[in-house]
Amino acid sequence: MPELPEVETVVREILPELSGQFIADIDILWERTFQNKSLETLAGRQIKDVSRQGKYIIIELSSTYLIIHLRMTGQLLFSLDGFDKKHVRMIIQLKNGRKLYFRDVRKFGRIYHVDDPQTVLENTGIDALDEANTEKYFLELVKNRKLNIKAFLLSQKYISGVGNIYADECLFRAGLHPESVTGKIPKKRIKLLYNEIKYVLNFAIDNMGSTISDYRDAFGESGSAQKFFKVYQRAGQACFECGREIRKIKTAGRGTHFCAKCQKKYV
DNA sequence: CCATGTACCTGAAGGC
DNA sequence: TGCCTTCAGGTACATG
């Protein structure tokens, strides 16, 4: 479920709440959620920082790390009045008495305990919104690749953070057909795509992410960026630009929404 | 290198 | 009502 804007929203919310606090204990309610690759204990450690790379949340502790991936239905939530504990897979208890709940209906999400973040992040590309993802860098990544552009965006090894919703929205705005061959797209249009990626992700962050069904922020609130989708989940409806019916196909194993008139296919 | 299918899981929605 | 299929903000892995 959550892509870069949703993860960023959660990180911004939990950073001030967790920073400087100490972990008292953890409860594991579904074994596979917690992937322990460290010999260090967690109890008693202080939280130094909370950051993000792509869709990974990185919690830096004194000399060790917790790295969280929400996958499809994961939620990181502080307990609130009327909090539904159903589907809670892990609980991080703080010494100040607060608890951070990891709720995850489909059980795909993971919390890794590692001493070196690279053991989890080694195959993850530069974050799409990182300053290091410059236009020049992006043009180099795209060069000579033969996979289709939707698969390129969904892969996390080139740039990270873009998922199925925002890939479709970015491609629409850039006027690019999702099955275009990456290396065959004119430079000018790649530059346009580069700018749309930054725009779409930042716009979604400004709107606290998108909520389709499961996504909630750390305080249980929905996002609102879904109100502005131009193609995602609009199959059969009229394109806002030209009126043609939005189509849905399967690309790179995922449902893919696009306008055949507005999005040009380069092969 | 790239495409496709499967696996991991639960639940909602649609067809009959 | 119920049974069956398909689909879902993700990713790892196996196979041509």
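Every chain is numbered from 1 and lettered A, B, ... according to where its sequence line falls, protein lines coming before strand lines. Note: hydrogens, waters and symmetry copies are ignored here, and every other heavy atom, side chains too, is used. Predicted model, so just to flag it, every value in this text is computed and none were measured.
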Sugar-phosphate only, base, or nothing, as touched by [X] at under 4.0 Å among non-hydrogen atoms:
| X | result |
| --- | --- |
| A:K248 | sugar-phosphate |
| A:D104 | nothing |
| A:G163 | sugar-phosphate |
| A:Y232 | sugar-phosphate |
| A:L147 | sugar-phosphate |

Provide the distance between the two [atom1] atoms, one in [N] and one in [M], to the nearest whole Å.
| N | M | atom1 | value |
| --- | --- | --- | --- |
| C:dT6 | B:dA7 | P | 15 Å |
| B:dC1 | C:dG10 | C1' | 22 Å |
| C:dC4 | B:dC9 | P | 22 Å |
| B:dT6 | C:dC7 | C1' | 16 Å |

Fill in: Counter-base of B:dC9, judged by Watson-Crick or G-U geometry with both distances under 3.5 Å
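Answer to the pairing question: none, since B:dC9 forms no Watson-Crick or G-U pair.
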
d([atom1], [X]; [atom2], [N]) in whole Å:
| X | N | atom1 | atom2 | value |
| --- | --- | --- | --- | --- |
| A:Q233 | C:dA8 | CD | P | 8 Å |
| A:M72 | B:dA7 | CE | C1' | 13 Å |
| A:R254 | B:dC2 | CZ | P | 19 Å |
| A:K107 | C:dT11 | NZ | C1' | 18 Å |
| A:Q156 | C:dG10 | CD | P | 8 Å |
| A:K157 | B:dC1 | NZ | C1' | 8 Å |

Discussion item. Quick check on A:R45: does its CZ atom have over 12 non-hydrogen neighbours (other residues, nucleotides or ligands) under 6.0 Å away?
Written reply: yes

Discussion item. Between B:dC9 and A:F108, is there a base-stacking contact, meaning the centre of the base's six-membered ring lies under 5.5 Å from the residue's ring centre while the planes stay under 30° apart?
Written reply: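 No; centroid distance or tilt outside limits.
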
Measure from the side-chain heavy atoms of [X] and tell me the nearest of [options].
| X | options | result |
| --- | --- | --- |
| A:H87 | B:dT10, B:dC2, C:dG10 | B:dT10 |
| A:R145 | B:dC9, B:dC2, C:dG10 | B:dC2 |
| A:R71 | B:dC2, C:dG10, C:dC7 | C:dG10 |

Discussion item. Consider ring-ring contact (aromatic ring centres under 6.0 Å, His included). Of A:F152, A:Y137, A:F138, which one does A:Y158 pass it with?
Written reply: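 Checked A:F152, A:Y137, A:F138 against A:Y158; only one passes ring-ring contact (aromatic ring centres under 6.0 Å, His included): A:F152.
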
Any salt bridge between [X] and [Y], counting N to O under 4.0 Å?
| X | Y | answer |
| --- | --- | --- |
| A:R173 | A:E196 | yes |
| A:R52 | A:E8 | yes |
| A:E17 | A:R98 | yes |

Practice prompt. Name the orientation class of the two ring planes belonging to A:H69 and A:Y56 (parallel below 30°, tilted from 30 to 60°, perpendicular beyond 60°).
Written response: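 Perpendicular, since the angle between the ring planes exceeds 60°.
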
Worksheet entry | 5′-ward residue of the pair A:T256/A:L154 relative to DNA chain C | A:T256

